[in-house]
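Contents: one structure, followed by commentary.
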There are 2 protein chains.
Amino acid sequence: MNQAKPRYQQLKDLIIGRISSGELQPADRVPSENELVESMSVSRMTANRALRELNDEGYVDRVAGRGTFVSDYRSQSHLLEVHNIADEIALRGHAHSSQVMRQSLQHARGEVAKALHVEQGTDVVHLLLVHAENGVPIQLEDRHVLASFAPGCLQQDFAAVTPSAYLTSISPLQEAEQVVRASVPNRAVQKYLDIEDGEACLVVIRRTWSAGRPVTFARLHHPGSRYELTGHYTPPGTSRSTSSDVVQLEELRQ
Amino acid sequence: MNQAKPRYQQLKDLIIGRISSGELQPADRVPSENELVESMSVSRMTANRALRELNDEGYVDRVAGRGTFVSDYRSQSHLLEVHNIADEIALRGHAHSSQVMRQSLQHARGEVAKALHVEQGTDVVHLLLVHAENGVPIQLEDRHVLASFAPGCLQQDFAAVTPSAYLTSISPLQEAEQVVRASVPNRAVQKYLDIEDGEACLVVIRRTWSAGRPVTFARLHHPGSRYELTGHYTPPGTSRSTSSDVVQLEELRQ
DNA sequence: CCCGTGAAGTTGTATATACAGGCTAGTACA
DNA sequence: TGTACTAGCCTGTATATACAACTTCACGGG
């Protein structure tokens, strides 16, 4: 039934486990190849493969002569494309604030139940909040969270910690699916985001999985005039160990 | 100046070269590890690393007992997220057609020159075409291509082969950057896409690099009511060799 | 005090070797 | 004829060994 995993994969799992449990923090030193040889009774080539693949996958950074260190690149959002609005704003050096409009226990129905793969009537927490960048509304977050996944969700102060950050802290989110649309919003959304009549919205609809099942479903409305999504694609094989120049956009955005 | 690349990387480059030159077609057999040992005078472990990494990066598929074969997964779009509208429509089983509205040689100025990193006045080919799915307009492609990169661009019949496919055939596009916006378009765009007054557009602005320099800059307008972008994110390390279930969205789109 | 030098530890690469396990084709046998 | 088996090739993993290059740090000479 349960195939024995290869030795190098066991090593990877062990280290990933230490990272996601918090035992190893970003920038912490990971055991060197020789230390793994001693403590785990493997050959250096096996330890090398484990650490090299963790490097390729972005979990750690390796520097010849110095050692292997937990990467903090990954911790901010786990997946580059699926980021937290607060971090995104902070990255631009601006001030983030958010206002909780609704935070209530509800029964899932219709689209929400379908998206979360649960029966109609299952308990979900409904969150509605407006995120602002330097005081200007930039995202209306309309989110449903499986109550069984995040029991503390009703008490949490989401003005201080965003739902995204809170959910990530409970359990690493492992998979995400999103749809991006453009539409002219209804009055309610217009009011929340303080946008003109007839202005377009960029809508991101996102489902996120943890432990193999969907746990949260969010509709994110953004004012078309104040928000855009950016992405940068490089072919795999472009070594992660070389200096990461993730810069070079920005000028098109102005 | 030019650091000697490691042996395994030379092997990878060699095989990638054979694939992108067309010498090796999808599903063709790639030299086995032992054949590389003989012909390239390397150890089997080195050949193994080269082929294993090509597998991880999606260039080839390996089957224990049978051999290594060129993957066709990669050839359709090189980067999953940066796809060709014609392929995308074909994937849905619908009919794609396109109409060329403009195909002319121009001098780059302003935003275009800036985006392509060239002097004002450099020759660029300007393309404007409307793509339709089952006869319904779904994308207005407003593209500028560096004339020096694609000399045949003015003669090409883009109603038959999309610019994206044509450019990919000239040289593999290696890097892409895109910005996604929502906006209400002007009259001209409205007319091309046959959309209602006041309806939103999903706008994708994309720059693509080849051989280290930007070669094409495109603004893609889509009717908000008839088009959406979808994305699916899985953490790296989710082995590529296991059966790829890229399915599982679709139901949210209805 | 400063600088160079070298030792020790680290990653990066390359090789030879070994065994396990999957796949295929051909052969021997019933 | 058909079936079972096996030889041969393939990938997948694991180990021991070796050398190169980089980083840090301590030590010693100027």
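- Comparing A/Ala64 and A/Arg7 by the nucleotide of DNA chain D whose heavy atom lies nearest to each, the residue mapping closer to the 5' end is A/Arg7.
- For the pair B/Tyr8 and C/dA14, the criterion of a side-chain N or O lying under 4.0 Å from OP1 or OP2 is not met.
- Along DNA chain C, the nucleotide nearest B/Ser41 and the nucleotide nearest B/Gly65 are compared for position; the residue whose nucleotide lies closer to the 5' end is B/Ser41.
- Taking atom CD on A/Glu33 and atom C1' on D/dA18, their separation rounds to 14 Å, with Å as the unit.
- In this structure, CZ in B/Arg29 is found 7.5 Å from OG1 in B/Thr68, a value given to the nearest 0.5 Å.
- The side-chain contact (heavy atoms from CB on, under 4.5 Å) check on B/Ser98 picks up B/His96, B/Leu129, B/His131, with sequence neighbours excluded.
- Every salt bridge (Lys or Arg N to Asp or Glu O under 4.0 Å) that B/Glu53 has, sequence neighbours left out, goes to A/Arg52, B/Lys12, B/Arg49.
- At least one donor-acceptor pair under 3.5 Å links the side chain of B/Glu35 to the backbone N or O of B/Ser32.
- Rounding to whole angstrom units, CE of residue A/Met40 and C1' of D/dA14 are separated by 17 Å.
- Atom NZ in A/Lys12 sits about 14 Å away from atom C1' in D/dG12, given to the nearest Å.
- Pairing each heavy atom of B/Pro214 with each of B/Leu146, the nearest pair is O-CD2, 3.9 Å.
- Nearer the 5' end of DNA chain D, as judged by each residue's closest nucleotide, is the contact made by B/Arg29, out of A/Arg66 and B/Arg29.
- Atom CD in B/Gln10 sits roughly 12 Å away from atom P in C/dT13 (whole-Å rounding).
- Closest to the side chain of B/Asn34, out of D/dT11, C/dT10, D/dT15, is D/dT11.
- Using a 4.0 Å cut-off, some side-chain N or O of B/Thr68 falls inside it from OP1 or OP2 of D/dT11.
- For C/dG9, the OP1/OP2 oxygens have no side-chain nitrogen or oxygen of A/Ser32 closer than 4.0 Å.
- Heavy-atom distances under 4.0 Å link DNA chain D to B/Arg44, B/Met45, B/Asn48 of residues 43-53 of chain B, given in residue order.
- Ring pair A/Tyr227/A/His222 is parallel by interplanar angle, where below 30° counts as parallel and above 60° as perpendicular.
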- [ ] Could you go through the side chain to side chain contact (heavy atoms under 4.5 Å, CB included) check for B/Thr208 and B/Leu167 one step at a time?
- [x] CA-CA 10 Å; B/Thr208 311; B/Leu167 292 171; over 6 Å; no
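- Here the C1' atom of nucleotide D/dG12 and the CZ atom of B/Arg62 are 8 Å apart, to the nearest Å.
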